[in-house]
Amino acid sequence: MLLDERLAAVTPHERQIRFQQLEFYAFIHFTVNTFTDKEWGDGTEDPRIFDPQKLDAEQWVRAVKSAGMKGLILTCKHHDGFCLWQSSYTEHSVKSSPWKNGQGDVVKEVSDACKKHGIKFGVYLSPWDRNCPLYGQGKAYDDYFVGQLRELLTNYGEVFSVWFDGACGEGPNGKKQYYDWERYYSVIRELQPDACISVCGPDVRWCGNEAGHTRTAEWSVVPARTRDTEKIAEKSQQSDDEEFRQRKITASDEDLGSRSVLENEQELVWYPAEVNTSIRPGWFWHESENDKVRSLDELVHIYNNSVGGNATFLLNIPPTRDGLIHENDVRRLAELGEYLEKSFSVNLLDSARLTADIGGIFDVSTDSEGISAIRTDSYDEYFSPSKGVTTAEITAEWDVPVKIGNIVLKENILHGQRVESFVVEAETDGKFSEVYRGTVIGYKRIVPLKNIKAKSVRIKITDSRTEPTLAFLGVYKGV
Ligand code: FUL
């Protein structure tokens, strides 16, 4: 098979599509660290310090939803080993805390709140456990870990994500623990077949940094070796450290999926990226960071480059010692939600004339080549030129100039990721000029146009692996 055809033939699993369609979801980092003011606990923390007296999971979920997020992943156990649920495998948990007289279950409260308010629930379970005496003993620890995984995947309803971090250390016996990843994965597939396993897992790829930086061209088709958990683990080893959390993608990691990178790869996989970062400098809540909540501009920038850059966006919001999301974060999330709602509500395409020039065939009738299909955001109908044609031009025209905030483009990823490059031109004063030059589209590309005024816009797909597909075009009114 020719290279381009081979690349375009790699398609997502259904669970990966559903996951990508969530687009934006929350991370909640909460444990004994919240009470010790640390980022990484060492497992010697006294469970009695855990006492979030005003804990209100519904307040968390309301805040998360106000930003437009559609799911939430909770650190059920972080590296310190303290369990937020009544695990039968250890006493190092909420059981031994004064919170609700040792009868409480944070996982239950959070998963119930998610269900009640209609968002998905996911679990972060750290394989690295600095409290468990079995850690470092190989299978004995794996049994312990799998036991806890089973509890989480059986007792709390549907789970959309199992998030595995790669950090790893030595146990009390001085030995490194080698995780039996395949065994963990098979338990997840058995108990929650629709859940995606993220980061140290086969379904969703870590974008490679914790600062919210994204690649200019984020490909979902990458070499299978990108899933090597040991390598991912090595990279994520130091997230205790502020400098690490702010570090960008290294140059050697910038290109994971261009033709030249993939041409000599034997095995390719669909492995879409997730951008994970915190709304504050740390993953856990620290009083000293109450005034360091990211600005609306920063969050919009990360959103546009992640959700709008063929990745998903996992934004961490850490609850305080009271067990509530701090008012500064609550406010910022609501502002973000309002911004997104306003910016993506009026699709000017609804009132535009659409034409397509497909490899020299100018189509004004709109329907014959399926161009009107791009008016609806669905994979059921989509636009694609004839076989073998790898460029296309689509023009939207209005009677009077319109003010454009953002353009949204979506490929039909059920048929793989194909577009390599595109250009957006806008017509002002009777002339077309280039206003944006982009690389990949994939699941979704957001093109911010800063309220330009135009009589028409033209999308030129300039290179594609095989004939491009376009499932949706949105031209959103500027606010
Ligand atoms: C990292 C962990 O070490 C951090 O504490 C945090 O949980 C982050 C999301 O993953 O690698």
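Not measured: the values here are computed from a predicted model. In this chain, residues are counted from 1 in sequence order.
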**OP:** Measure the acute angle between the ring planes of Tyr144 and Tyr141, then classify it against the limits of 30° and 60° as parallel, tilted or perpendicular.
**Re:** tilted
Original post:
Can you name the residues that form a side chain to side chain contact (heavy atoms under 4.5 Å, CB included) with Lys54, not counting sequence neighbours?
Top reply: Asp322, Leu324
**OP:** Taking the side chain as every heavy atom from C-beta outward, state whether Pro52 and Phe35 have any atom pair closer than 4.5 Å.
**Re:** yes
Original post:
Does a donor on one side chain and an acceptor on the other come within less than 3.5 Å for Glu39 and Trp283?
Top reply: no
**OP:** Just grab all the salt bridge (Lys or Arg N to Asp or Glu O under 4.0 Å) pairs involving residues 73-98, residues at least two apart or on different chains.
**Re:** Lys77-Asp129, Glu91-Lys95
Original post:
Would you say the side-chain atoms of Tyr25 and Thr312 include a donor-acceptor pair closer than 3.5 Å?
Top reply: yes
**OP:** Look at the rings of Phe24 and Phe313 and say which category their plane angle falls in: under 30° parallel, 30 to 60° tilted, over 60° perpendicular.
**Re:** parallel
Original post:
Have Thr469 and Asn412 got a donor and an acceptor in their side chains that come within less than 3.5 Å?
Top reply: no
Subject >> With sequence neighbours excluded, residues passing ring-ring contact (aromatic ring centres under 6.0 Å, His included) with His415 >> reply: Tyr382
**OP:** Could you tell me whether the side chain of Thr154 reaches within less than 4.5 Å of the side chain of Leu191, counting heavy atoms only?
**Re:** yes
Original post:
Regarding Asn290 and Arg280, is there a side-chain donor-to-acceptor distance under 3.5 Å anywhere?
Top reply: yes
Subject >> Gln53 versus Asp51, side-chain donor and acceptor atoms under 3.5 Å >> reply: yes
Original post:
Side chains of Tyr178 and Asp142: do they bring a donor and an acceptor to under 3.5 Å?
Top reply: no
**OP:** Can you tell me which residue pairs pass the salt bridge (Lys or Arg N to Asp or Glu O under 4.0 Å) test with a partner in residues 288-313, sequence neighbours excluded?
**Re:** Arg294-Glu298
Subject >> Where at least one partner belongs to residues 186-205, residue pairs that pass side chain to side chain donor-acceptor pair (under 3.5 Å), sequence neighbours excluded >> reply: Arg18-Asp194, Arg150-Glu190, Arg189-Asp203, Arg205-Glu218
Subject >> Residues in salt bridge (charged side-chain N to carboxylate O under 4.0 Å, His left out) contact with Lys100, at least two apart in sequence or another chain >> reply: Glu109
**OP:** Keeping to residues at least two apart or across chains, list the side chain to side chain donor-acceptor pair (under 3.5 Å) pairs with something in residues 335-348.
**Re:** Arg332-Glu335
Original post:
Can Trp270 and Gln417 be counted as having a side-chain donor-acceptor contact under 3.5 angstrom?
Top reply: no
Original post:
salt bridge (charged side-chain N to carboxylate O under 4.0 Å, His left out) with Asp46: which residues, sequence neighbours excluded?
Top reply: Arg48
Original post:
Is a side-chain donor-acceptor pair under 3.5 Å present for Ser258 with Ser260?
Top reply: yes
**OP:** Please name all residues satisfying ring-ring contact (aromatic ring centres under 6.0 Å, His included) with Tyr476, sequence neighbours left out, ordered by chain then number.
**Re:** Phe344
**OP:** Name all residues meeting the ring-ring contact (aromatic ring centres under 6.0 Å, His included) criterion together with Phe284; count only those two or more places apart in sequence or in a different chain, and write none if there are none.
**Re:** His29, His78
Identify every side-chain donor-acceptor pair in residues 63-73 under 3.5 Å, counting partners at least two apart or on other chains, and give the distances.
{"from": "Lys65", "atom 1": "NZ", "to": "His117", "atom 2": "O", "distance (Å)": "2.6"}
{"from": "Ser66", "atom 1": "OG", "to": "Ala63", "atom 2": "O", "distance (Å)": "2.7"}

Subject >> Residues forming a ring-ring contact (aromatic ring centres under 6.0 Å, His included) with Trp163, sequence neighbours excluded >> reply: Phe27, Tyr124
**OP:** Using only heavy-atom distances, determine whether the side chains of Glu23 and Tyr443 contain a donor-acceptor pair under 3.5 Å.
**Re:** yes
**OP:** Classify the angle between the aromatic ring planes of Phe164 and Trp181 as parallel (below 30°), tilted (30 to 60°) or perpendicular (above 60°).
**Re:** tilted
Original post:
Passes ring pair (Phe, Tyr, Trp, His ring centres under 6.0 Å), Phe30 versus Trp60? Steps please.
Top reply: CA-CA 12 Å; Phe30 191 50; Trp60 305 4; 5.5 Å; yes
Original post:
For the residue pair Trp128 and His79, does the interplanar ring angle fall in the parallel (under 30°), tilted (30 to 60°) or perpendicular (over 60°) class?
Top reply: tilted
**OP:** Give a yes or no on this: more than 12 heavy atoms of other residues, nucleotides or ligands lie within 6.0 Å of atom CD of Glu58.
**Re:** yes
